[in-house]
Amino acid sequence: MGCAQGKCCLPRHPRRGSSCAVGGRGDHGGATLGRAAVPGAGLVLEYAALAVAGLYPDSPARESQDAHLVATRFAGDPDLHLFAVFDGHGAAGAACAGFARDALLRLLLASPSLAADPAAAFREAMLGANAEMHAAPGVDDSMSGTTAVAALVAGGALHVANVGDSRAVAGVWRAGRVVAEDLSWDQTPFRADERARVKACGARVMSVEQVEGMRDPEAEGWAPDEGDPPRVWARDGLYPGTAFTRSLGDLAAEAVGVVAEPEVKSVEITPSHLFFVVASDGVFEFLSSQEVVDRVATYPDPRDACSAIAAESYKLWLEHENRTDDITIVIVHIRDMENSGPAGSDKADYGSVGASIAVHTIQSEIPVFVQSEASHMNRSAATGMQSPSSGSPTERSLSCVAPSPTHPLLIHGRISDASKPVQSERAATQEVQTWHQMDGGTELEWSMQQSIPPAS
């Protein structure tokens, strides 16, 4: 669910009996498959990714605003593997998502602290990508932006950073079944801490019906499934109307506390961790984390799981609305390098999972670069969080984090291209690395240059 200017923000009208054209089991629906070793931890990652453009009857030519990223052997390190999803919104949402994907990749590659302190590296990279987007003359992020969730496998640890309402979740074998363990928490006004934070920055938090005077503007009893979520509004205007409290871009929304500061979590990968999922809210709008995990555990091939989850999400969107959101999902199975099955499969009985999770014969390890959105986590932050079953983090919430007094909204009351900050001229120097980009189902080779200037 995005901003009021970019996505539908009216209550949903049920529409039953709709069908879905996304492929099912046996038809991978365009999902890609890859494999990468994590030698330092004795693991093998088998991953699949699938992106399905949304159905917008009023805008049949509308391009997908999602992007996703898969980069194995990241920065030349065989133990680093990055998976991310970006969900753009607003009139320039596709441009914002693509810009954020490319900037995050470049900034992380340039980070000297990625291996030693992934949380700090992701924080700096996301804030840097946000600042560069504001400065980029070719991207109008005044009322557009993107969420970002990124997961980094670093040896035996998994780090996830999140900005917005896309999500990462792990499937963990526990008490004879696969249980969902949230690796990120949606940053929306439904959360009391995020609601208080943006209000401290001067925002109003109301649903569309409250803004239109159809409901008590002071009431805070929003139901997650009623289709009219609380949104962030300027004190004196009907903008930006975002259904999330953090994002990349969204220059106008920054004035009322919608920030690019990620929440970061780190976990140790144990034999109980079977897989993890990184996906846009096109998946999680109608499916819970546990429902998604249950479906992944049913399919031995992650491509089949991608296809099945996308199909179910598509169907549910059409049952509730006359459109669908863009749907992007990345599934990563975690295997034990010394065992042909999943990590820990020699110690647990997987018979009750449904179709057992098994390894498949696929191509040898190939570095891959695919469109995606950003997310990451930090080991020190993990100790300050509640159990994932609590549904919300206990990490320090930002107080009022708003633009400086020179922010154009505070000076002129509006955004202008001329007021965007000047972009840094510093170039990042990296080793030449070759990846493969999957764009609209076509594989394109893309080489990073030794000198990578900031995007313009």
Hey, does [Y] have a side-chain heavy atom less than 4.5 Å from the side chain of [X]?
| X | Y | answer |
| --- | --- | --- |
| F99 | D141 | no |
| V169 | L183 | no |
| S144 | Q65 | no |
| D294 | T298 | no |

Does the distance from a Lys or Arg side-chain N to an Asp or Glu carboxylate O, for [X] and [Y], drop under 4.0 Å?
| X | Y | answer |
| --- | --- | --- |
| E132 | R106 | yes |
| E291 | R295 | no |
| R62 | D326 | yes |
| K199 | E220 | yes |
| R191 | D186 | no |

Using every non-hydrogen atom in the two residues, find where [X] and [Y] come nearest and quote the distance to one decimal.
| X | Y | value |
| --- | --- | --- |
| V163 | A260 | CG2-O, 3.6 Å |
| S184 | A168 | OG-N, 3.0 Å |
| P189 | P230 | CG-O, 3.5 Å |
| V52 | A310 | CG2-CB, 4.1 Å |
| A234 | V256 | CA-CG1, 3.9 Å |
| C306 | A48 | SG-O, 3.7 Å |

Handout entry: T328 and S280: side chain donor to acceptor below 3.5 Å
Key = no
Rounded distance [0.5 Å steps], [atom1] in [X] versus [atom2] in [Y]:
| X | Y | atom1 | atom2 | result |
| --- | --- | --- | --- | --- |
| L158 | E268 | CG | CD | 11.5 Å |
| Q210 | R231 | CD | CZ | 12.0 Å |
| I334 | E46 | CD1 | CD | 12.0 Å |
| I327 | D66 | CD1 | CG | 9.0 Å |
| H89 | T146 | NE2 | OG1 | 6.5 Å |

Practice task
Give the intermediate values and the outcome of side chain to side chain contact (heavy atoms under 4.5 Å, CB included) for residues H81 and V332.
Solution key: CA-CA 11 Å; H81 308 277; V332 183; over 6 Å; no
Exercise for the section: Given side chain to side chain contact (heavy atoms under 4.5 Å, CB included), test Q187 with F244 step by step and report yes or no. Expected result: CA-CA 6 Å; Q187 296 150 352; F244 44 80; 5.8 Å; no
Practice task
Apply side chain to side chain contact (heavy atoms under 4.5 Å, CB included) to N130 and E254, showing your working.
Solution key: CA-CA 11 Å; N130 184 63; E254 278 193 3; 2.8 Å; yes
Exercise for the section: For R204, look at atom CZ and say whether over 12 heavy atoms of other residues, nucleotides or ligands are found less than 6.0 Å away. Expected result: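 Count over threshold, so yes.
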Exercise for the section: Quick one: sort the F276 and F83 rings into parallel, tilted or perpendicular, breaks at 30° and 60°. Expected result: perpendicular
Problem - Whether W222 and F190 hold their rings parallel, tilted or perpendicular, with breakpoints at 30° and 60° - result: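 Rings of W222 and F190: perpendicular, over 60°.
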Handout entry: Check: F122 ring centroid to H159 ring centroid under 6.0 Å
Key =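 No, too far apart.
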Exercise for the section: Please assess Y47 against T72 for the test side chain to side chain contact (heavy atoms under 4.5 Å, CB included), listing each intermediate value before the final yes or no. Expected result: CA-CA 10 Å; Y47 53 88; T72 60; 3.4 Å; yes
